[in-house]
Chemist: 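Got a structure for you, questions after.
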Amino acid sequence: MGKLLKKRIYFTIIAAIAIFGAGLVTANNTTNSLAQSTEKVSVNTEIVEGLTVTRTEGNIIVPKDLEDLIAKSDIIAIGKPTESITESTPLIQRDFGGYVTEAISQTEFKVQRVLKGASYSDTLLIGQQAAIVADRITGKSSLQVLEDYQPLVKNAKYILFQKGLNGSPLYFPVGVYYGKFNVDGTDQAENKIEDLDFKLIRKDVIERFKKIIDETLAS
């Protein structure tokens with residue numbers, strides 16, 4: 001499969017937001033880990049933590065291979081989220097008409113081991129491209145998710161390849177769903193992703209870091 005996928009193109013700057021806590025700060029530039037959602041995909045019967053999932057399409061920048069994934073990452077870490085997606089802080093941006101233009105969640109991630117970069121705390125704030133959003137007319141809540149991203153499962157173990165944003169304390173998985181991999185077998189949602197390039201990189205990640213993953217899980 002070629003690397004130019006539908007709605008996945010290699011370029012360096014697209015619109016994004018940098019948000020922290022209850023404050024909202026808009027930014028004009030982003031890095032390779034964020035994407036701007038552009039249109040709604042039809043709602044199916046997918047349910048996550050009791051919420052109907054609405055998936056959106058967007059331009060996302062994907063790594064070419066494992067080496068590219070590593071190079072694009074500011075921090076590579078193994079650990080676990082201490083919050084579920086429903087416990088995470090939703091950070092929503094809407095346009096003047098009330099339509100959602102960006103939906104992310106801030107999730108705390110407890111670090112067990114850092115493989116690249118420096119973490120000055122044992123907890124990182126992860127920006128997930130998924131958030132609980134209330135319909136602007138009915139007020140009914142659903143989980144809006146970008147592309148094939150699968151939300152982190154509370155207390156499941158992951159290796160995350162993360163990119164920071166200037167002016168934001170959040171780190172985002174590189175390439176949206178390309179930058180997170182479950183390593184303890186407790187989150188099977190990744191198996192739903194049909195992207196063959198993702199599957200190949202996931203296989204390479206598990207093989208390359210198997211010894212470190214096993215040591216971390218045993219500690």
Side-chain angles (χ1 to χ4, degrees), residues 8-37 58-83 85 87-93 101-131 145-152 156-183 198 201-202 205 208-209 212-213 216:
R8 298 165 174 80
I9 53 180
Y10 300 107
F11 60 100
T12 57
I13 299 178
I14 50 180
I17 58 173
I19 315 174
F20 179 61
L24 175 64
V25 180
T26 57
N28 292 324
N29 297 327
T30 185
T31 56
N32 67 319
S33 60
L34 286 183
Q36 181 183 30
S37 55
N59 295 322
I60 69 175
I61 303 167
V62 303
K64 298 186 292 293
D65 50 30
L66 175 55
E67 298 305 324
D68 192 34
L69 176 61
I70 294 172
K72 283 178 163 64
S73 302
D74 293 327
I75 292 181
I76 302 174
I78 300 174
K80 63 181 181 180
T82 57
E83 300 173 307
I85 192 64
E87 295 169 337
S88 300
T89 303
L91 308 171
I92 311 300
Q93 186 177 39
T101 58
E102 193 79 47
I104 64 176
S105 291
Q106 174 186 293
T107 303
E108 292 190 357
F109 186 85
K110 184 174 179 59
V111 176
Q112 288 184 268
R113 187 162 183 175
V114 176
L115 309 183
K116 178 185 176 181
S119 174
Y120 301 103
S121 169
D122 63 356
T123 299
L124 292 174
L125 296 178
I126 305 301
Q128 297 199 72
Q129 294 283 1
V145 184
L146 181 63
E147 292 280 345
D148 289 328
Y149 183 80
Q150 304 295 329
L152 294 166
K157 301 289 183 65
Y158 298 88
I159 180 170
L160 297 185
F161 296 76
Q162 303 157 104
K163 189 73 176 178
L165 284 178
N166 291 334
S168 171
L170 303 184
Y171 286 89
F172 293 81
V174 173
V176 182
Y177 58 87
Y178 275 75
K180 57 174 286 291
F181 306 93
N182 179 244
V183 296
F198 166 79
I201 290 179
R202 179 173 67 167
V205 166
R208 172 79 65 88
F209 296 100
I212 297 175
I213 290 171
T216 305

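Note that the structure is predicted; figures quoted are calculated from it, not measured.
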Chemist: Counting C-beta onward and ignoring hydrogens, is there a side-chain heavy-atom pair between Ile126 and Pro81 closer than 4.5 Å?
Modeler: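 Ile126 vs Pro81: side chains apart.
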Chemist: Keeping Thr82 on the side-chain end and Phe109 on the backbone end, is there a donor-acceptor pair under 3.5 Å?
Modeler: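 The answer is no, because no donor-acceptor pair under 3.5 Å joins these two groups.
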Chemist: Where do Leu146 and Gly58 come nearest, in terms of heavy atoms and distance?
Modeler: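 Leu146 and Gly58 have their closest heavy atoms at CD1-N, 3.9 Å.
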Chemist: Short question: side chain of Lys163, backbone of Tyr171 - any donor-acceptor pair under 3.5 Å?
Modeler: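 A pair under 3.5 Å: no.
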Chemist: Can you spot which of Arg113, Lys80, Lys110 makes a salt bridge (Lys or Arg N to Asp or Glu O under 4.0 Å) with Asp122?
Modeler: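 Of Arg113, Lys80, Lys110, salt bridge (Lys or Arg N to Asp or Glu O under 4.0 Å) with Asp122 is met by Lys110 alone.
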Chemist: Could you state the interatomic distance from OH (Tyr178) to NZ (Lys64), rounded to the nearest 0.5 Å?
Modeler: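 The OH atom of Tyr178 sits 12.5 Å away from the NZ atom of Lys64.
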Chemist: Does any part of the side chain of Glu102, heavy atoms only, come nearer than 4.5 Å to the side chain of Ile92, both counted from C-beta?
Modeler: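 SC-SC contact between Ile92 and Glu102 ruled out.
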Chemist: Can you tell me if Ser88 and Thr107 form a side-chain donor-acceptor pair at under 3.5 Å?
Modeler: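 The answer is yes; a qualifying pair exists.
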Chemist: Within the distance-only criterion (no hydrogens, no angle test), does the side chain of Gln128 pair as donor or acceptor with the backbone N or O of Leu152 below 3.5 angstrom?
Modeler: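 Answer holds: yes.
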Chemist: Are any of the side-chain heavy atoms of Leu170 and Gln106 separated by less than 4.5 Å?
Modeler: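 Yes. Closest side-chain heavy atoms under 4.5 Å.
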Chemist: What pairs with Glu108 under side-chain hydrogen bond (donor to acceptor under 3.5 Å, both in side chains), at least two apart in sequence or on another chain?
Modeler: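 Partners of Glu108 by the side-chain hydrogen bond (donor to acceptor under 3.5 Å, both in side chains) criterion come out as none, since no residue qualifies.
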Chemist: Any side-chain heavy atom of Ser105 sitting closer than 4.5 Å to one from Thr89?
Modeler: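 Contact flag for Ser105/Thr89 side chains = no.
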Chemist: Restricting to non-hydrogen atoms, name the atom on Gly127 and the atom on Pro173 that form the minimum distance, rounded to 0.1 Å.
Modeler: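 What the structure gives for the nearest pair is O-CD, 3.4 Å.
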Chemist: Which atom pair, heavy atoms only, marks the closest approach of Asp68 to Val62?
Modeler: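 Closest approach of Asp68 to Val62: OD2-O, 4.4 Å.
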Chemist: So Leu160 and Val174, do their side chains get closer than 4.5 Å, heavy atoms only?
Modeler: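 The answer is no; the side chains never approach within 4.5 Å.
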Chemist: Working to the nearest 0.5 Å, report the span between CD1 of Ile78 and OG1 of Thr216.
Modeler: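 Rounded to the nearest 0.5 Å, the CD1-OG1 separation comes out at 4.0 Å.
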Chemist: Check Leu115 against Ile159 and note the closest heavy-atom contact, atom names and distance.
Modeler: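 Distance-wise, the nearest heavy atoms are CD1-CD1, 3.8 Å.
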Chemist: Is there a side-chain contact between Ile60 and Tyr177 (heavy atoms, below 4.5 Å)?
Modeler: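 Contact flag for Ile60/Tyr177 side chains = yes.
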Chemist: Please give me the minimum heavy-atom distance between Gly179 and Leu69, naming the atom from each residue.
Modeler: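 Looking at all heavy atoms of both residues, the shortest contact is CA-CD1, 4.4 Å.
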Chemist: Looking at Leu124, Asp74, Ile76, which hits side-chain contact (heavy atoms from CB on, under 4.5 Å) with Gln162?
Modeler: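 Option passing the side-chain contact (heavy atoms from CB on, under 4.5 Å) with Gln162: Leu124.
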Chemist: Please confirm whether Lys180 makes a cation-pi placement over Tyr149, using NZ or CZ under 6.0 Å from the six-membered ring centre and within 45° of the ring normal.
Modeler: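 Judged by the rule, Lys180 and Tyr149 form a cation-pi pair.
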Chemist: Assess the residue pair Gln129 and Val145 against the criterion (side-chain contact (heavy atoms from CB on, under 4.5 Å)); give the C-alpha distance rounded to whole Å, side-chain angles, the decisive distance to 0.1 Å, and a yes or no.
Modeler: CA-CA 6 Å; Gln129 294 283 1; Val145 184; over 6 Å; no
Chemist: Sub-3.5 Å donor-acceptor pair from the side chain of Lys72 to the main-chain atoms of Pro63, do we have one?
Modeler: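 Absent.
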Chemist: Any heavy-atom pair between the side chains of Tyr158 and Phe181 that's under 4.5 Å?
Modeler: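 Phe181 vs Tyr158: side chains apart.
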Chemist: So, do Phe161 and Ile75 sit near enough that their side-chain heavy atoms are less than 4.5 Å apart?
Modeler: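 Sidechains of Ile75 and Phe161: no contact.
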Chemist: Is there a donor-acceptor contact under 3.5 Å from the side chain of Gln93 to the main chain of Leu91?
Modeler: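 No; zero donor-acceptor contacts below 3.5 Å.
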